[in-house]
Structures are given as C-alpha cells and as structure tokens.
2 protein chains.
Amino acid sequence: MQRQQNLTKNQKIVLDIIEKSTEPLKAYSILSNVKKKGINAPPQVYRALDKLVDMGKIHKIESKNAFVACQSSNCKVSKAAAFSICESCEEVTEIDNSKISKYLSSFADKIGMKYKKYNLEFFGLCKKCK
Amino acid sequence: MQRQQNLTKNQKIVLDIIEKSTEPLKAYSILSNVKKKGINAPPQVYRALDKLVDMGKIHKIESKNAFVACQSSNCKVSKAAAFSICESCEEVTEIDNSKISKYLSSFADKIGMKYKKYNLEFFGLCKKCK
DNA sequence: TCTATAATGTTATATTATTACATAGTGTTA
DNA sequence: TAACACTATGTAATAATATAACATTATAGA
C-alpha cells in the first residue's frame with residue numbers, strides 16, 4: 001500500500017511539473033513537458049494524476065480540465081477544495097476556507113448525506129482585472 | 001437579440017429532453033436521443049447547451065460532463081449552482097441554498113473579487129445509500 | 001526465493017468538444 | 001420590396017480529453 005510520502009517515479013515527475021507551474025496544467029500539456037523524462041503516453045500521466053488527486057497533493061479544476069498543486073495542508077485530510085477563477089486573466093487561486101468546509105459538512109448533516117468532499121469553483125473578476 | 005422565453009427550435013428540443021430526464025445527460029447521449037428530431041451533429045447540441053447554460057435554464061455538472069435542468073428559479077438570475085452528488089447511486093440533486101450564495105458573495109467582497117457565479121459540487125453518500 | 005501486488009510501458013480506441021465553412025431564416029430600415 | 005446585418009442551422013472534419021486492454025517490470029512481504 002502506497003503512503004503519502006512515497007511517490008513513485010512517474011508521480012514525482014508529474015507532481016514536480018505541476019508544483020513548478022504558476023497556472024493550472026492540462027494533462028496533455030504535462031505529457032508534452034515530460035516526454036524528455038521518459039513518459040510517453042497519456043495513461044502514464046493520467047494514472048499519476050489520479051493518484052496525486054487521491055492523495056490530496058493536487059486538485060483538478062473541473063471546469064478547465066486542469067490540475068493545480070494543493071496550496072493548503074488541510075486538503076490532505078479533507079480532499080475538499082475551493083478555487084476562485086478570474087474570467088479575465090484566468091488566474092486560479094485556492095481558497096483555504098474552513099468556514100466553507102464547516103458549513104458544508106453541517107449542511108450535509110442536515111440533508112442526511114454522508115460528507116466526503118466538495119469542489120467549489122468560484123468565477124468572477126479578480127482585484128487586478130476588476 | 002434572443003430573449004429568455006424565445007427558445008429556438010434546437011434549444012427547445014435539447015431542453016425538453018434534459019427536463020424529462022431524471023439524471024444528468026451527456027452531450028452525446030442527448031445527440032443520440034434527438035437524431036429522430038433532425039439534430040444530426042455535435043455542434044448543434046453543444047450550441048444549444050451553451051445557450052441554455054447562459055440563460056440559466058440548465059447547469060453543467062463539470063465533474064461528470066453532464067447537464068441537468070435548473071430546479072431553482074433563483075438560478076435564472078445568479079447563474080449560481082450547487083449540487084449534491086451521491087458517489088454510490090450517482091443521484092444528483094440541486095441544492096437551492098441562498099446561504100451559500102450570500103456567503104460566497106460576501107467572501108468575494110472580502111478578497112476583492114467581483115462576483116459572477118459559482119459552481120459547487122458536493123460529494124458523499126445520500127440518505128438511501130449511507 | 002517465491003508470490004502477490006503495484007507500477008510501468010505501449011497501442012489502440014473511446015469520449016468530449018470545437019473549428020471552419022456553407023446555407024437558410026429573421027428582423028430592420030432605406 | 002431590396003439590401004443589410006444578424007442569428008440560427010446544417011455538415012464535415014478534426015482537436016482535445018480520457019480510458020481500455022494487455023504485456024512487462026519492479027517492489028515488498030511471507
């Protein structure tokens with residue numbers, strides 16, 4: 001069974017490039033960037049991405065089919081993530097907001113759901129673009 | 001300029017099938033269901049879907065690449081949407097929650113963003129599957 | 001070492017979405 | 001009505017995203 005800190009070779013390569021990026025990366029963009037490191041085909045990238053998401057090391061921005069490194073240590077536990085996305089400059093920022101988490105888990109209780117995780121994507125114009 | 005209530009032929013066909021469905025529908029599933037009505041190719045479906053989303057008549061469940069009819073009259077204005085998704089039975093339910101909206105718009109103020117819309121997907125086990 | 005399991009590599013293919021361009025309808029106004 | 005801009009439609013081709021299937025190799029325990 002794989003542990004948090006024991007990333008495999010491909011997982012390390014993929015995580016590394018995502019962490020170095022200032023913007024969300026798409027799977028095929030990752031692929032083209034890691035060809036020189038011996039990763040040749042989509043499944044190798046997608047497998048690494050899946051595991052990294054499971055571990056909470058990265059998040060998928062669903063509305064963009066792109067991946068960002070987790071910027072919040074909380075995610076390792078909750079796998080919950082919230083992002084603000086600027087519709088002008090495309091900047092994506094992770095919102096580390098325990099209030100949202102708390103609110104949603106109490107909301108889950110109220111409607112009788114068992115809380116697992118959530119994904120929140122919040123669109124608008126950032127400070128700079130406003 | 002197109003108005004809320006004046007849907008075009010293709011938009012009506014697509015909206016109709018989404019409204020009649022009890023689960024989120026994918027674009028190509030919609031396509032195969034409307035071939036008998038004279039819609040033959042993906043762009044016809046995607047164009048209708050785009051417009052319907054813009055109008056707030058339907059929402060896209062990003063994590064599933066699928067579309068559901070809006071179940072809340074509020075969305076027409078805010079284009080904000082929240083869903084609970086059961087990971088066991090796949091049931092998707094729209095959460096009409098003004099608290100979340102209010103909270104997020106005040107949050108936007110706080111971080112200096114101009115609020116446009118949000119998409120929240122909330123995963124867990126529903127009452128029945130728990 | 002043996003064995004079970006996880007990870008990797010590879011080819012092919014499925015699924016989702018868009019581009020590009022031709023055609024037809026609709027409303028406005030000169 | 002004719003000319004026009006604009007929206008919607010139809011169609012073929014292709015781009016972008018993701019997975020299936022299977023062979024091989026590495027790794028960790030018993």
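Convention: sequence-line order gives letters A, B, ...; per-chain numbering from 1.
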List, one per line, each side-chain donor-acceptor pair under 3.5 Å for residues 83-91 of chain A, sequence neighbours excluded.
| unit_1 | atom_1 | unit_2 | atom_2 | d |
| --- | --- | --- | --- | --- |
| A:Glu87 | OE1 | B:Lys116 | NZ | 3.2 |
| A:Glu90 | OE1 | A:Lys64 | NZ | 2.7 |
| A:Glu91 | OE2 | A:Lys128 | NZ | 3.4 |

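Residue B:Thr8 places at least one side-chain N or O under 4.0 Å from the OP1 or OP2 atom of D:dT9. Side-chain N/O atoms of A:Asn10 include one lying less than 4.0 angstrom from OP1 or OP2 on C:dG9. Phosphate proximity of D:dT9 to B:Gln44: absent, as no side-chain N or O sits under 4.0 Å from OP1 or OP2. Taking 4.0 angstrom as the limit, A:Lys12 places none of its side-chain polar atoms (N or O) nearer than this to OP1 or OP2 of C:dA7.
Among residues two or more places apart in sequence or in another chain, the side-chain hydrogen bond (donor to acceptor under 3.5 Å, both in side chains) test is passed with A:Ser29 by none. Evaluation of the side-chain hydrogen bond (donor to acceptor under 3.5 Å, both in side chains) rule for A:Asn10 yields no partner, not counting sequence neighbours. Residues meeting the ring-ring contact (aromatic ring centres under 6.0 Å, His included) test with A:Phe67, sequence neighbours left out: none. Residues satisfying the salt bridge (Lys or Arg N to Asp or Glu O under 4.0 Å) criterion with B:Asp54, sequence neighbours excluded, are absent altogether. Not counting sequence neighbours, the partners of B:Glu23 by the side chain to side chain contact (heavy atoms under 4.5 Å, CB included) test are B:Ser21. A:Lys114 pairs by the side chain to side chain contact (heavy atoms under 4.5 Å, CB included) definition with B:Leu125, B:Lys130, not counting sequence neighbours.
Contacts with DNA chain D (heavy atom under 4.0 Å) in residues 85-93 of chain A: none are found. Residues from residues 17-25 of chain A that place a heavy atom under 4.0 Å from any atom of DNA chain D: there are none.
Contact of the B:Val68 side chain with the B:Leu25 side chain is not registered, since no non-hydrogen atoms from C-beta on lie closer than 4.5 Å. Residues B:Met113 and A:Lys127 are not in side-chain contact: their nearest non-hydrogen atoms beyond the backbone lie 4.5 Å or more apart. With a 4.5 Å cut-off on side-chain heavy atoms, A:Ile58 and A:Cys70 do not count as touching. Using a 4.5 Å cut-off on side-chain heavy atoms (C-beta onward), B:Leu120 and A:Glu121 make no contact.
Every pair tested for side-chain hydrogen bond (donor to acceptor under 3.5 Å, both in side chains) that includes a residue from residues 31-50 of chain A fails, sequence neighbours excluded, so the list is empty.
When distances are taken from the side chain of A:Arg47 to each of D:dG10, C:dG9, D:dT11, the shortest belongs to C:dG9. When distances run from any side-chain atom of B:Lys51 to the nucleotides C:dA20, D:dA8, C:dG9, the shortest one goes to D:dA8.
Within the helix from C:dT1-D:dA30 to C:dA30-D:dT1, the inter-axis angle between the opening and closing five-pair segments is 30°, rounded to 10°.
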Please list, pair by pair, any protein nitrogen or oxygen found under 3.5 Å from a nitrogen or oxygen in nucleotides 11-16 of chain C.
| unit_1 | atom_1 | unit_2 | atom_2 | d |
| --- | --- | --- | --- | --- |
| C:dT16 | OP1 | B:Lys26 | NZ | 2.4 |

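Between the CD atom of B:Gln11 and the P atom of D:dT9 there is a distance of 6 Å, rounded to whole Å.
With hydrogens and angles left out, the side-chain atoms of A:Tyr118 and A:Ser105 include no donor and acceptor closer than 3.5 Å.
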